[in-house]
Amino acid sequence: MQSSGHRLHDMEQHRPLLGQEEELVHGASARTVDRVWFIQDGCGMICAVLTWFLVLYADFVVTFVMLLPSKSFWYSLLNGVAFNSLALLALASHLRTMLTDPGAVPKGNATKEYMDSLQLKPGDVIYKCPKCCSIKPERAHHCSICKRCIRKMDHHCPWVNNCVGENNQRFFVLFTMYIALISVYALGLSGMHFFICVKVQWNECSDFSPPVAVLLMIFLCLEGLLFLTFTAVMFGTQIHSICNDETEIERLKNEKPTWERRTRWEGMRAVFGGQPSLRWINPFSGLRLRRLLTPHSRWGPELSV
């Protein structure tokens, strides 16, 4: 299709964009990253609520079944603070992943007026997504659930009710890391509690009746094993993808890179931001609550799908 002296291709696969166009699209995506993003997907919302329920269930069992009945004050205090801190970081990472724009391309910008404003040269080829009518930057893919093209889309995760893309991959990595840590922690505390209770009377090591305490801890151990397996695999996969500068979609499609690959440390710095520091593992870094709570901030119809 000819338009204004340049070719516009309706293709689902991505190709390199002109530098000027990529910069404009990326700039628009960056400006929306501070706005609240939420995907109205029934399955995703159920999975997100279930995730919170399971984390809070683990926190309840660890705190009220294992730690508070302990006769050692410092054992309960130190482990309680450590476990609840990790749980808080895990839930904060989950929220940041779910409510952060993953890198959505502006919807419906493939108009004649917009393309004329790009001042493209005759013969230049750009590509548009036929599903959301947006100009596709390099390495962008269309998500059928978000109904948007996402920059550097890795995959859509129902457990966070969002895509994992350019802007929220760091929070997803932190989410998997902290969930894996609290899973290991809960399994360790459960094993120690079983060992202690075998030596003494069950009534002395728990405020709950022995059958109830055992059932709660068995479910906690099963949950910990499942969560640990899932999140450890996802964490390793994400770190591998970041170090190889390759998304999961690009790996599965076996796409040949048309971009210059970053080195491992360049990829890590690009995702986590700057040089290695405590900010890398802090899901609260970069959070601008004041801006989100100001009257001019809104959810935006193009961001709430």
Side-chain angles (χ1 to χ4, degrees), residues 48-98 159-160 170-236 238-239 268 272-287 289:
V49 171
L50 182 60
T51 300
W52 273 67
F53 171 79
L54 292 174
V55 173
L56 294 177
Y57 169 79
D59 187 72
F60 169 80
V61 176
V62 168
T63 303
F64 292 97
V65 178
M66 292 186 280
L67 295 182
L68 288 182
S70 175
K71 296 180 180 180
S72 173
F73 171 77
W74 290 109
Y75 173 84
S76 299
L77 178 63
L78 295 178
N79 283 289
V81 170
F83 187 88
N84 282 276
S85 297
L86 291 175
L88 175 63
L89 291 171
L91 294 177
S93 301
H94 183 273
L95 272 181
R96 294 299 300 275
T97 307
M98 182 170 61
W159 295 104
V160 297
R170 176 171 76 94
F171 303 124
F172 182 74
V173 173
L174 293 182
F175 167 67
T176 57
M177 182 184 73
Y178 285 123
I179 290 293
L181 288 177
I182 64 174
S183 298
V184 172
Y185 208 151
L187 290 172
L189 289 175
S190 298
M192 188 175 299
H193 195 72
F194 271 118
F195 180 77
I196 294 174
C197 290
V198 166
K199 287 187 173 183
V200 299
Q201 294 295 327
W202 274 92
N203 293 330
E204 298 179 9
C205 67
S206 178
D207 294 335
F208 293 83
S209 63
V212 173
V214 171
L215 283 176
L216 290 174
M217 293 175 63
I218 288 177
F219 282 126
L220 175 62
C221 291
L222 292 176
E223 176 192 342
L225 288 172
L226 290 175
F227 266 48
L228 175 60
T229 302
F230 172 75
T231 55
V233 170
M234 287 303 302
F235 177 77
Q238 289 295 303
I239 295 298
M268 294 291 287
F272 290 94
Q275 297 296 327
S277 67
L278 290 178
R279 293 185 60 187
W280 278 28
I281 59 174
N282 180 15
F284 298 101
S285 64
L287 184 63
L289 287 177

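Residue numbers count from 1 along this sequence.
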Locate the shortest heavy-atom distance separating I182 from I179; write the atom from each residue and the value. CG1-O, 3.3 Å
I need the C221 SG to L226 CG distance, nearest 0.5 Å. 11.0 Å
Donor-acceptor check, side chain of S70 to backbone of M66, threshold 3.5 angstrom: yes or no? no
Checking side chain to side chain contact (heavy atoms under 4.5 Å, CB included) for the pair M192/C197: CA distance, chi angles, key distance, verdict? CA-CA 9 Å; M192 188 175 299; C197 290; over 6 Å; no
Taking every non-hydrogen atom, the tightest pair across A213 and V65: CB-CG1, 4.3 Å
How close do S190 and M217 get, heavy atom to heavy atom, and via which atoms? O-CE, 3.6 Å
Short question: side chain of R96, backbone of P283 - any donor-acceptor pair under 3.5 Å? yes
Yes or no on side chain to side chain contact (heavy atoms under 4.5 Å, CB included) for S76 and L68, after CA distance, side-chain angles and deciding distance? CA-CA 6 Å; S76 299; L68 288 182; 5.5 Å; no
Quick check on F284: does its CZ atom have over 12 non-hydrogen neighbours (other residues, nucleotides or ligands) under 6.0 Å away? yes
A232 versus A180, closest heavy-atom pair with distance: N-CB, 4.5 Å
When rounded to the nearest 0.5 Å, the distance separating CG of L91 from CZ of F175 is 8.5 Å
Donor-acceptor contact below 3.5 Å, side chain Y178 vs main chain I281: yes
Under 3.5 Å donor-acceptor, Y57 side chain and L216 backbone: yes
Working to the nearest 0.5 Å, report the span between CD of Q238 and CE of M177. 13.0 Å
I'd like to know whether CG of L278 has more than 12 heavy-atom contacts from other residues, nucleotides or ligands below 6.0 angstrom. no
Taking the side chain as C-beta and beyond, is there a heavy-atom pair between L50 and L54 under 4.5 Å? yes
Criterion side chain to side chain contact (heavy atoms under 4.5 Å, CB included) on F272 and V173, from CA distance to verdict: CA-CA 10 Å; F272 290 94; V173 173; 3.7 Å; yes
Taking the side chain as C-beta and beyond, is there a heavy-atom pair between V62 and L220 under 4.5 Å? yes
Looking only at non-hydrogen atoms, find the nearest pair between Y185 and N79 and report the distance. OH-OD1, 2.7 Å
Side chain proximity check, V214 to P211, heavy atoms < 4.5 angstrom: no
Walk me through whether W52 and L95 qualify under side chain to side chain contact (heavy atoms under 4.5 Å, CB included). CA-CA 10 Å; W52 273 67; L95 272 181; 3.5 Å; yes
Least distance between heavy atoms, W159 atom then H94 atom: O-NE2, 2.7 Å
Picking from V160, L174, N282, what satisfies side chain to side chain contact (heavy atoms under 4.5 Å, CB included) with S93? L174
Are the side chain of T176 and the backbone of M234 linked by a donor-acceptor contact shorter than 3.5 Å? no
Starting at CD1 of I239, measure out to CE of M268 and round the result to the nearest 0.5 Å. 4.5 Å
Tell me, which pairs form a side-chain hydrogen bond (donor to acceptor under 3.5 Å, both in side chains) where one or both residues lie in residues 210-233, sequence neighbours left out? none
Once rounded to the nearest 0.5 Å, what's the spacing between atom CG of L181 and atom CZ of F235? 8.5 Å
Taking G80's backbone N and O only, do any of them form a donor-acceptor pair with N84's side chain (distance below 3.5 Å, no angle check)? yes
What do you reckon, is CZ of F64 surrounded by more than 12 foreign heavy atoms closer than 6.0 Å? no
